[in-house]
Amino acid sequence: MTAHLWQSLTAAQREAVEHVDGPLLILAGPGSGKTRVVTHRVAYLLRQGIASRNILALTFTNKAADEMRGRLTQLAPGQQLWIGTFHRFCARLLRQYAPYVGLSENFTIYDTSDSERCLKATLAAAERDLSWTTPERLARAISQCKNQLISADDYRPPTGNPLGAILQEVYPAYQRRLLASNAVDFDDLLLHVARLLRTSDELRALLDERFRYILVDEYQDTNLAQYAIVRALSVDHPNLAVTGDPDQSIYGWRGANLSNILEFERDYPDVRVVRLEQNYRSTGHILHVADVLIRHNARRKPKALFTDNPRGAPVRLTAYDTQQREAEGIAAEIAAEVHPGRRRPRDYAVFYRVNALSRSLEHALRDQGLPYQIVNGVEFYQRREIKDVLSYLRLLNNPRDDVALERIINTPPRGIGRTTLLRLRQQAQAQGGSLRDACGTCQAIAGLSRRAAKAVGQFARLIDRLEQLAAQPVREIIQQVLDLSGYRQYLGHSDAAEDVERLANVEELLTAAEEFDRQHPGEGQLEEFLEQASLVNDTDAWEDERDKVTLMTLHAAKGLEFPVVYIIAVEQGLLPHELSRHENDRLEEERRLLFVGITRAQQSLQLSMAQYRDFRGQHNRTVPSEFLLELPPESLHVVNLQPGTAAQRPETFDQDQSDTNRPAPVRPPRGARRGGRAPAGVTTAAHLLADEPDGGSGTPPQAPPPDQFSEGMAVLHPTYGPGKIVALSGDRERRRATVRFANGSGQRTFVLSQSPLRPAR
DNA sequence: TGTGAGTTGATTTTT
DNA sequence: TCAACTCACA
């Protein structure tokens with residue numbers, strides 16, 4: 001082996017790299033060179049004479065897979081081994097074994113919006129009263145079931161849960177519809193494979209033998225289904241190496257199960273554990289802030305983060321007046337470094353909790369003439385025109401794809417309206433066939449007007465004609481679709497900026513198809529193209545080559561690093577997010593999210609908040625994030641850019657609706673109270689942020705907070721559930737609200753200052 | 001059947 | 001704020 005490859009590795013890294021047989025757990029802190037270790041280890045395995053086809057590397061995102069592939073081609077050129085996401089891997093297996101689960105190999109992969117359409121169709125057919133819940137909620141519930149390996153037949157609702165009762169009916173019906181359409185949703189990819197491995201030990205053993213060495217990256221993000229798959233493939237050959245960091249688990253909401261990594265040692269008692277704790281990325285101050293913050297989490301594996309890097313500048317904690325000031329301030333700082341050439345735009349990243357926060361930054365950066373890129377804005381493959389065109393392709397590939405058919409049967413408009421579609425659905429149901437079948441027999445459908453029947457007949461002929469082309473190169477198929485369906489004309493007939501852009505997007509799709517064709521010569525590649533389109537997202541298109549400021553969510557930031565990082569809107573309700581604030585597990589996940597953001601920074605980091613922020617079209621006073629209280633003052637530099645604020649700030653706490661109101665005007669948020677972990681001498685974010693320029697001055701009596709309740713407003717009560725305010729009375733501390741509750745609890749009156757009632761939004 | 005205005009209602013993170 | 005959906009009308 002070439003000596004220089006290993007020279008740069010530390011003892012701990014080398015230990016992981018040179019581990020060959022048996023289970024291995026690599027606990028890798030941020031910036032600890034994990035990717036290097038993993039790729040070196042694969043190279044090492046290959047050099048030990050292990051055949052590349054026996055190695056399987058599973059990642060969570062395409063981006064991670066691409067990076068690993070890229071590095072491996074440098075370390076071990078010319079080796080063919082499987083590197084990819086769980087979903088890609090499962091899709092590929094499923095194509096091979098589709099009949100075992102009732103699919104044919106040309107099945108369609110529904111993305112989230114497709115499966116929601118499918119679910120809506122199911123609900124419409126079931127005719128249940130859904131006024132009290134939404135299809136989205138049901139979709140999420142189904143997804144959660146699948147993540148936990150609960151199949152439609154196994155599902156038993158918890159007693160007294162109204163959602164469960166509906167689910168018991170709808171989940172199997174939805175699943176039947178998917179199968180009838182020869183389609184799977186994202187979760188099915190995993191679920192089908194997991195069940196396949198469980199039911200057929202023969203197949204399981206075959207694949208276990210085939211994939212003798214398995215590596216799983218970001219193991220902390222695996223859910224139960226992924227866990228089951230990996231375990232099933234590591235019975236006879238338990239050479240399972242997982243890497244991860246429990247502190248960077250941020251996908252709990254998607255079913256990721258932190259226990260998978262926390263209890264790995266229990267699952268594999270003879271596991272070798274390697275800890276990579278030295279950080280090569282960040283300055284001492286940045287790492288210290290991250291470390292102190294994450295120690296507030298209870299569910300974790302304690303670890304000591306350290307670095308030999310210089311301490312650097314303290315982390316800045318900046319309070320702005322408004323979000324505009326925040327954005328302008330950040331943009332001006334970047335411009336001041338970039339324009340004289342001290343730094344490049346690509347050195348900078350701005351992170352936020354939700355996509356909606358990017359707008360003011362875009363403005364500010366544009367005003368400064370700074371180039372920027374937004375990761376995960378509107379995804380390319382989610383755009384209407386792209387989905388339209390792809391739906392044609394999907395229907396060609398899988399005639400039973402009803403969701404695709406419904407999408408295009410009248411796009412562009414060809415005179416097939418609601419009524420006609422309804423008849424077609426009835427016909428399909430009666431025949432027990434697909435909509436595509438029904439279209440073919442439209443002459444025989446009762447109640448269909450002559451005109452409608454003609455339109456449907458034309459549509460059926462169009463599809464027939466296109467189906468002849470299915471073996472052509474993908475670009476050619478798309479061209480024909482655009483021409484024969486009239487879609488190109490339909491988009492091109494107006495000069496509206498919107499239409500021009502749509503046309504441009506379609507052109508881009510053609511380019512992508514051309515590129516695909518080049519890489520996939522030969523016939524019948526349509527299926528592979530569609531699979532890529534469903535399982536590849538826009539993060540993958542993020543170009544770190546481009547010299548631009550990067551704007552992205554904290555989730556998207558995982559795995560990346562930047563010299564200078566800004567994290568904006570570190571405020572209650574956003575970070576931690578409103579929906580995660582009240583459950584401890586989810587609060588810890590929010591803390592991890594901030595931890596991930598902080599540890600992306602190499603040299604310089606600023607956390608910021610704005611006193612006022614426009615959100616969802618409303619102008620709101622904000623409350624500093626409780627996480628700010630948990631940061632170590634000795635590594636912080638607090639900058640207060642709010643004019644004359646010390647006087648008003650206590651009031652901000654009155655708007656904190658998280659727990660029971662207290663009479664005291666200044667109330668330490670939860671973090672400070674819990675176990676007295678707040679840094680000595682600092683009790684509240686108000687103090688923390690009032691350090692300068694005018695901190696400590698006398699506090700005049702504050703104005704009463706603006707009334708947040710109004711008549712007719714939807715509210716939520718922890719005991720009585722959702723309700724509506726029917727009357728308000730009294731003032732200030734005595735202000736009372738009468739609420740009518742939805743679930744038969746009748747009407748009740750609450751003293752607002754003493755009740756946990758809050759707006760339901 | 002298609003279109004446009006108007007309303008409503010919902011808003012986290014993604015394979 | 002903004003997209004999806006409804007409803008009235010051509």
Side-chain angles (χ1 to χ4, degrees), chain A residues 58-65 84-91 109-117 120 131 133-137 140 143 146-147 184-191 218 221-223 225-226 249-256 351-360 375-376 378-379 381-382 384 409-422 449 451-452 455 531-540 552-558 569 573-581 586 589-590 592-594 596-597 613-620 714 759-761:
Chain A
L58 293 172
T59 64
F60 195 63
T61 64
N62 293 294
K63 187 177 63 182
T85 64
F86 270 99
H87 289 83
R88 264 328 256 294
F89 174 69
C90 289
I109 300 169
Y110 281 174
D111 70 18
T112 312
S113 64
D114 297 324
S115 35
E116 240 160 60
R117 277 171 186 244
K120 278 179 189 162
S131 51
T133 184
T134 64
E136 289 75 21
R137 229 170 259 161
R140 280 214 44 184
S143 174
K146 291 184 172 179
N147 287 159
V184 298
D185 61 24
F186 281 142
D187 305 308
D188 275 345
L189 288 171
L190 304 174
L191 181 66
E218 308 281 15
D221 286 329
T222 52
N223 61 34
Q226 290 161 327
S249 163
I250 53 177
Y251 287 100
W253 53 276
R254 237 172 73 182
F351 303 149
Y352 33 79
R353 176 65 230 264
V354 298
N355 279 119
L357 290 169
S358 68
R359 181 173 295 173
S360 47
V375 178
N376 286 1
V378 181
E379 293 191 29
Y381 287 105
Q382 293 295 328
R384 199 201 322 167
I409 191 165
N410 202 32
T411 319
R414 41 176 79 91
I416 303 176
R418 270 238 306 271
T419 338
T420 309
L421 197 52
L422 193 68
S449 74
R451 201 173 59 177
E531 182 170 315
Q532 252 186 44
S534 329
L535 296 179
V536 168
N537 73 16
D538 265 7
T539 319
D540 313 323
M552 62 169 99
T553 65
L554 286 160
H555 281 88
K558 193 166 70 161
L574 281 168
L575 186 65
H577 195 278
E578 182 61 33
L579 301 176
S580 303
R581 210 144 57 95
R586 301 178 70 183
E589 181 155 312
E590 296 286 312
R592 291 194 290 270
L593 203 46
L594 181 56
V596 166
R613 188 173 299 279
D614 294 330
F615 197 57
R616 289 192 205 121
Q618 279 185 347
H619 192 61
N620 282 321
R761 73 185 57 242

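Letters A, B, ... mirror the listed sequences (proteins, then strands); counts begin at 1.
- One interatomic measurement links the two molecules: CG of A:Asp114 to C1' of B:dT14, which rounds to 15 Å at whole-angstrom precision.
- Spacing between atom CG of A:Leu535 and atom C1' of B:dT14 amounts to 12 Å, rounded to whole angstrom units.
- Across the protein-nucleic acid pair, A:Asn62 atom CG and B:dT14 atom P stand 13 Å apart, rounded to whole Å.
- Atom pair A:Leu594:CG and B:dT13:C1' shows a separation of 15 Å (rounding to whole Å applied).
- Between A:Ala225 and A:Lys146, the closest heavy-atom pair is CB-O, 4.3 Å.
- The pair A:Glu589-A:Arg586 does not meet the salt-bridge criterion, since no charged nitrogen lies less than 4.0 angstrom from a carboxylate oxygen.
- The CZ-C1' distance, from A:Arg140 to B:dA10, rounds to 14 Å in whole Å.
- Partners of A:Arg414 under the side chain to side chain donor-acceptor pair (under 3.5 Å) rule, at least two apart in sequence or in another chain, are A:Tyr392.
- In this structure, A:Asn620 places its CG atom 18 Å from P of B:dT11, rounding to the nearest Å.
- Remark: A:Thr553 is in phosphate contact with B:dT14, judged by side-chain N or O atoms under 4.0 Å from OP1 or OP2.
- As a whole-Å value, the separation of A:Leu554 CG from B:dT14 P is 10 Å.
- Contact annotation: the side chain of A:Arg613 approaches that of A:Leu574 to within less than 4.5 Å [non-hydrogen atoms, C-beta and beyond].
- For the pair A:Thr61 and B:dT14, the criterion of a side-chain N or O lying under 4.0 Å from OP1 or OP2 is not met.
- In this structure, the ring pair (Phe, Tyr, Trp, His ring centres under 6.0 Å) partners of A:Phe60, at least two apart in sequence or on a different chain, are A:Tyr251.
- Proximity of a side-chain donor or acceptor of A:Asp111 to a complementary backbone N or O of A:Asp114 within less than 3.5 Å is detected.
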Are any protein N/O atoms closer than 3.5 Å to N/O atoms in nucleotides 2-8 of chain B? If there are, list each pair with its distance.
{"from": "B:dG2", "atom 1": "OP1", "to": "A:Gly415", "atom 2": "N", "distance (Å)": "2.8"}
{"from": "B:dG2", "atom 1": "OP2", "to": "A:Asn410", "atom 2": "ND2", "distance (Å)": "3.1"}

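- For A:Arg359 and A:Lys120, each mapped to the nucleotide of DNA chain C holding its nearest heavy atom, the one lying further toward the 5' end belongs to A:Arg359.
- Of the possible donor and acceptor atoms, one in the side chain of A:His555 sits under 3.5 Å from a partner among the backbone N and O of A:Ile250.
- Under the side chain to side chain donor-acceptor pair (under 3.5 Å) criterion, A:Glu218 pairs with A:Gln220, sequence neighbours left out.
- Residue A:Phe86 is classed as having no contact, given no heavy-atom separation below 4.0 Å to the nucleic acid.
- For A:Val354, the listed nucleotide lying nearest its side chain is B:dT13; candidates were B:dT13, B:dT1, B:dT14.
- Between A:Ala452 and A:Trp253, the residue anchored nearer the 5' end of DNA chain B, judged by the nucleotide with its closest heavy atom, is A:Ala452.
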Legend entry - Derivation of the side-chain contact (heavy atoms from CB on, under 4.5 Å) call for A:Leu421 and A:Asn410: CA-CA 10 Å; A:Leu421 197 52; A:Asn410 202 32; over 6 Å; no

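- Taking 4.0 Å as the cutoff to heavy atoms of chain A, we find the contact window on DNA chain C bounded by C:dT1 to C:dC5.
- The distance from atom NZ of A:Lys63 to atom P of B:dT14 is 10 Å, rounded to the nearest whole Å.
- Residues forming a salt bridge (Lys or Arg N to Asp or Glu O under 4.0 Å) with A:Arg254 (at least two apart in sequence, or on another chain): none.
- Here A:Thr112 lies in heavy-atom contact (under 4.0 Å) with a base.
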